[in-house]
A.B. asks: 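The structure is given below, and queries will be raised subsequently.
Nothing here was measured: the structure is a model prediction, and the numbers come from that model.
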Amino acid sequence: MPRYTLPDGSFQESAAPLSVFAIAAAIGAGLARAAIAGRVNGSLVDLDTLVDQDATIEIITPTSPEGLEILRHSTSHLMAQAVKELFPGAQVTIGPAVADGFYYDFDYQRPFTPEDLAAIEKRMEEIARHDLPVKRQLMGRQEAIDWFLSQDERYKAEIIAEIPEDQAISLYRQGEFMDLCRGPHVPSTGRLKVFKLTRLAGAYWRGDSKNKMLQRIYGTAFADKKALEAHLTLLEEAAKRDHRRIGKEMDLFSIQDDAGGGLVLWHPMGARVRQIIEDQWKRAHRAAGYEFLFTPHMANLDLWRTSGHLDFYRESMFNPMTVDEQSYQIRPMNCPFHILVFRSQIRSHRDLPMRWAELGTVYRYEMSGVLHGLFRVRGFTQDDAHIFCRESQIEEEISAILDLTLQTLRTFGFEKFEINLSTRPEKAVGSDAIWEKATAALRGAILHHGLEYCEDVGGGAFYGPKIDVKITDAIGRKWQCSTVQLDFNLPERFDIGYIGEDGARHRPIMIHRALMGSLERFFGILIEHYAGHFPMWLAPVQAVVLTITEAYNDWALEVEQKLRAAGLRVETDLRNQKIGYKIREHAMQKVPWLLIVGERERTEGAVSPRDRHGKELGLIPLEEMMQRLLVEAGQQG
RNA sequence: GCCGACGUAGCUCAAUUGGCAGAGCAACGGAUUUGUAAUCCGUAGGUUAGGGGUUCGAUUCCCCUCGUCGGCUCCA
């Protein structure tokens, strides 16, 4: 008599073994209707799985993250079936659920077109309407390979051949369509109601550019129409916030062919924001005990040979240039220079830790196809720093870095963080002991801050463990900017050392870290986070004084001059235009405050402010408004 | 780099099956002196990304180059 324990701790008993579906039905008719799969003792299974012994059972519905993933995975099968019906020669390859939808890769003799997409979607709806049962079956390895080969599905046969021996081969059948899949899946195609094919793309078989290019069709699916619409709205919102578009509208920056792809030109308004960011950064670093360095943009190729970049970073570097018969390399990183500064004299343990920061511009070769606005460029400025310290100082230093990181990110308006600790990969330099110690120190620093984190086992770089911090923006997207990375390699390669208390020479620990990562990318993220509506302290123009007519130019200029003298970024618009026209123009430029001046304002030494939401504050004496603006301009975070 | 889509005035977009390349905004000139998201009139603005081909004729069809956009690990 199996006993089924449910998530709430209660349990169901049954005289005979029940299927997951039957258990759901026993709990409630509503749950049975919503159920698409189950979790039995922690493993996801199909609804018709018979549970013949005691087990913990959870019923999966499309509203849970796992349920949604199953729904999307099943929708990708539905799409594959539609494609096979419409394009019989197409071979199916893989079709997983991904972050916000699913895809399926096909090999077909000709490219699919947007019209094909519409036809596929229509056929999917038809198949869904037929409500075909989706049935799992096991098959012998060779039998499965033979079957797929008989269908001329060579990719599937290849996949099966690589499945570990101890794993069962399962197939899912819906109508005439049968696909290799681990499952689980929804019980029938009728459960797939809300889906949409979104785009076409090329994708290499197994993501390897040496392999054949397949055709990927992306789609998404949701539990209900409302969720799909919410998703589409989010996409629209993201498009509205696109930093490339806002960057152009607000004249912040450009990237032009005449200079080259991935090379950013910061226009005056963008440069203002950058300068504010840099000033803030410098203040915070001074307070945190950093010194600043300036180092060259290129160096003798030998430096990069010594650092090892020439070996392990070559694909990301521009080709060297020849100067006086010597090879020079434009820098992809700043670290070797900081090492040279360290090595320029004998260092004592009393000097450590040394914290050296640099807004260092680096150049990296990115394939033309991956360049993307400010997010993926070929030249960018890192808010880089290197800390040289003793082993015993690691935890304290990392802790201080985390402080500075979170403080900085909060200053720019980010509140939600996700922390990742990456540990020793298989191929690594440095002794197990040092890895062990360092990783423990990183962990300790994270815990010291009471932060939650995920551990990415084996995800570290070969030269040391690292901590990455992801931020969440205003519309819920995640971005990784900050990274703190221990390095056991470079100190070794450059043979740097310090004299310890014992009079012997010791190897310092080197920590690389960047808070914003790339100023260009961070600026792009800020633009999208705020949708161009920068808070006062970051806004390139904080206020514009608008005149009703030319008669008030004198007062407008006086207002501008006074606010400027107080340190505010203010402009005047004296143009002979209607006030509505001027308001519209500066509102579209997302200026936080518009100060309107006319007869009444001049007489009373006042302004009539209008905020960025269109709210009019009425007549306010200039002095009072100036104080308000100064207070707002001082607020960060 | 590879696959696909795209490339028309500074910007946003038109131009029937191949038949004189257009509009709005912006710019410039003039008028208007205006009270909270577009005042009116006028002027100028183009090697239709670049190159080649087919054609009596190409923005339109074909080829090449350049660029932009969406993708190219997310485990059957």
A.B. asks: Please confirm whether the backbone N or O of A/Tyr172 pairs with a side-chain atom of A/Asp179, one donor and one acceptor, at under 3.5 Å?
C.D. replies: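 A pair under 3.5 Å: no.
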
A.B. asks: How would RNA chain B look in dot-bracket form, 5' to 3', counting Watson-Crick and G-U wobble pairs with both distances under 3.5 Å and writing | for bases paired to another strand?
C.D. replies: (((((((..((((.....[..)))).(((((.......))))).....(((((..]....))))))))))))....

A.B. asks: In whole angstrom, give me the gap between the C1' atoms of B/A23 and B/U48.
C.D. replies: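 Taking atom C1' in both B/A23 and B/U48, they lie 16 Å apart.
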
A.B. asks: What nucleic acid atoms does A/Lys582 come within less than 4.0 Å of, heavy atoms only: base, sugar-phosphate, or nothing?
C.D. replies: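 Touches nothing.
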
A.B. asks: Can you work out whether A/Leu180 or A/Arg584 has the more 5'-proximal nearest nucleotide on RNA chain B?
C.D. replies: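 Upstream on the strand: A/Arg584.
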
A.B. asks: Is there a donor and acceptor pair closer than 3.5 Å between the side chain of A/Glu315 and the base of B/G1?
C.D. replies: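 Such a pair does not exist between side chain and base.
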
A.B. asks: Using the C1' atom on both, measure B/C64 against B/U54 and round to a whole Å.
C.D. replies: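 The same atom, C1', in both gives a distance of 15 Å.
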
A.B. asks: Measuring only the P atom in each nucleotide, how far is B/A26 from B/C41? A whole number of Å is fine.
C.D. replies: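 Their P atoms lie roughly 13 Å apart.
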
A.B. asks: Categorize A/Thr113 for me: base, sugar-phosphate, or nothing, with a 4.0 angstrom heavy-atom threshold over every strand shown.
C.D. replies: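 It contacts nothing in the nucleic acid.
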
A.B. asks: Once you round to the nearest 0.5 Å, how far does CD of A/Glu528 lie from CG of A/Leu374?
C.D. replies: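 Going from CD on A/Glu528 over to CG on A/Leu374, the span is 9.0 Å.
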
A.B. asks: Going by an N to O cut-off under 4.0 Å, is there a salt bridge joining A/Arg241 and A/Glu237?
C.D. replies: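 Judged by the 4.0 Å cut-off on N to carboxylate O distance, A/Arg241 and A/Glu237 do form a salt bridge.
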
A.B. asks: Is the side chain of A/Asp257 donor-acceptor paired with the backbone N or O of A/Gly260 at a distance under 3.5 Å, no angle test?
C.D. replies: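 Between the backbone of A/Gly260 and the side chain of A/Asp257 there is no qualifying donor-acceptor contact (under 3.5 Å).
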
A.B. asks: Whether A/Arg610 contacts B/A37 is assessed here as follows: a side-chain N or O lying under 4.0 Å from the phosphate OP1 or OP2. Is that the case?
C.D. replies: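 Checking A/Arg610 against B/A37: at least one side-chain N or O falls below 4.0 Å of OP1 or OP2.
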
A.B. asks: When you compare B/U12 with B/C6, how far apart are their C1' atoms, in angstrom units rounded to a whole number?
C.D. replies: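 Each nucleotide's C1' atom is 16 Å from the other's.
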
A.B. asks: Choose from B/U36, B/C74, B/G35 the nucleotide whose nearest atom is closest to any side-chain atom of A/Tyr103.
C.D. replies: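 Within the option list, the nearest is B/C74.
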
A.B. asks: Is it true that A/Lys240 and A/Asp242 have a side-chain N and a carboxylate O under 4.0 angstrom from each other?
C.D. replies: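 A/Asp242 and A/Lys240: not salt-bridged.
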
A.B. asks: Can you tell me how far P in B/U39 sits from the matching atom in B/C25, rounded to whole Å?
C.D. replies: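 It works out to 10 Å between them.
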
A.B. asks: Quick one: A/Trp555 CH2 to B/G35 C1', roughly how many Å, whole number?
C.D. replies: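 About 17 Å, once rounded to whole Å.
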
A.B. asks: Please give the distance between the C1' atoms of B/G70 and B/A14 as a whole number of Å.
C.D. replies: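 So the two C1' atoms sit 25 Å from each other.
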
A.B. asks: Could you tell me how far apart A/Asp105 (CG) and B/A76 (C1') are, to the nearest whole angstrom?
C.D. replies: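 Roughly 12 Å, once rounded to whole Å.
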
A.B. asks: For A/Glu599, which contact category applies under a 4.0 Å heavy-atom criterion: base, sugar-phosphate, or nothing?
C.D. replies: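 The answer is base, as A/Glu599 lies within the cut-off (heavy atoms under 4.0 Å) of a base atom.
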
A.B. asks: For A/Gln167, which contact category applies under a 4.0 Å heavy-atom criterion: base, sugar-phosphate, or nothing?
C.D. replies: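 Base contact.
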
A.B. asks: Going through the checks in order, is the side-chain contact (heavy atoms from CB on, under 4.5 Å) test met by A/Phe523 and A/Val264?
C.D. replies: CA-CA 12 Å; A/Phe523 183 40; A/Val264 181; over 6 Å; no

A.B. asks: Could you work out which one of B/G35, B/A37, B/A76 sits closest to the side chain of A/Ala587?
C.D. replies: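 Shortest atom-to-atom distance from the side chain points to B/A37.
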
A.B. asks: Pick base, sugar-phosphate or nothing for A/Gly598, based on heavy-atom distances below 4.0 Å to the nucleic acid.
C.D. replies: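 Counting heavy atoms under 4.0 Å across all strands, the contact made by A/Gly598 includes a base.
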
A.B. asks: Treat primed atoms plus P, OP1 and OP2 as sugar-phosphate and everything else as base, then score nucleotides 67-72 of chain B 5' to 3': B for base contact with protein heavy atoms under 4.0 Å, S for sugar-phosphate contact only, - for none.
C.D. replies: SSSBBB

A.B. asks: Between atom CG in A/Leu171 and atom C1' in B/A76, what is the gap in whole Å?
C.D. replies: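 Result: 10 Å.
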
A.B. asks: Measure from CD1 on A/Ile159 to C1' on B/C75 and round the result to the nearest Å.
C.D. replies: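 Whole-Å distance recorded here is 9 Å.
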
A.B. asks: Taking 4.0 angstrom as the limit, do A/Arg600 and A/Glu604 come out as a salt bridge?
C.D. replies: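 Looking at A/Glu604 together with A/Arg600, the answer is no, because their closest N to O distance does not fall below 4.0 Å.
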
A.B. asks: For B/C13 versus B/A21, give the span between their C1' atoms, rounded off to a whole number of Å.
C.D. replies: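 B/C13 and B/A21 have their C1' atoms separated by 14 Å.
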
A.B. asks: Using a strict 4.0 Å threshold on nitrogen-to-oxygen distance, state whether A/Glu520 and A/Arg364 make a salt bridge.
C.D. replies: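 So A/Glu520 does not pair with A/Arg364 through a salt bridge.
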
A.B. asks: Let me know the distance between CG of A/Leu546 and C1' of B/U33, rounded to the nearest Å.
C.D. replies: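 Those two atoms, CG and C1', are 15 Å apart.
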
A.B. asks: At under 4.0 Å between heavy atoms, what does A/Ile579 touch on the DNA or RNA strands: base, sugar-phosphate, or nothing?
C.D. replies: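 Sugar-phosphate only.
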
A.B. asks: So what does A/Ala144 touch, heavy atoms closer than 4.0 Å: a base, only the sugar-phosphate, or nothing?
C.D. replies: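 Nothing, no heavy atom under 4.0 Å.
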
A.B. asks: Not counting sequence neighbours, which residues clear ring-ring contact (aromatic ring centres under 6.0 Å, His included) with A/Phe522? List them please.
C.D. replies: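 Only A/Phe412 meet the ring-ring contact (aromatic ring centres under 6.0 Å, His included) criterion with A/Phe522.
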
A.B. asks: Whole Å only: how far is the CG atom of A/Leu619 from the C1' atom of B/U36?
C.D. replies: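 For the pair A/Leu619 CG and B/U36 C1', the rounded distance is 14 Å.
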
A.B. asks: Is any side-chain N or O of A/Tyr581 closer than 4.0 Å to OP1 or OP2 of B/U36?
C.D. replies: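 Looking at the OP1 and OP2 atoms of B/U36, neither is under 4.0 Å from any side-chain N or O of A/Tyr581.
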
A.B. asks: Rounded to whole Å, how long is the line connecting atom CD1 of A/Ile246 with atom P of B/U12?
C.D. replies: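 My rounded result for the distance is 14 Å.
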
A.B. asks: Is the closest basic N to carboxylate O distance between A/Arg628 and A/Asp611 below 4.0 Å?
C.D. replies: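 Salt bridge: no.
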
A.B. asks: Thinking salt bridges, do A/Lys135 and A/Asp48 make one under a 4.0 Å N-O criterion?
C.D. replies: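 Result for this pair is yes, salt bridge flagged.
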
A.B. asks: Test the A/Arg216-A/Tyr103 pair against the cation-pi criterion, namely NZ or CZ under 6.0 angstrom from the six-membered ring centroid and within 45° of the ring axis.
C.D. replies: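 Relative to the ring axis of A/Tyr103, which defines the angle, A/Arg216 lies inside both limits.
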
A.B. asks: Report which part of the nucleic acid A/Ile94 touches: base, sugar-phosphate, or nothing (heavy-atom distance under 4.0 Å, all strands).
C.D. replies: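 Touches sugar-phosphate only.
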
A.B. asks: Roughly how many Å apart are B/C61 and B/C2, using the P atom of each and rounding to a whole number?
C.D. replies: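 The same atom, P, in both gives a distance of 24 Å.
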
A.B. asks: May I have the distance from A/Leu595 (atom CG) to B/G35 (atom P), rounded to whole angstrom?
C.D. replies: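 Between P of B/G35 and CG of A/Leu595: 19 Å.
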
A.B. asks: So what does A/Gln577 touch, heavy atoms closer than 4.0 Å: a base, only the sugar-phosphate, or nothing?
C.D. replies: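 Here A/Gln577 touches the bases of the nucleic acid.
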
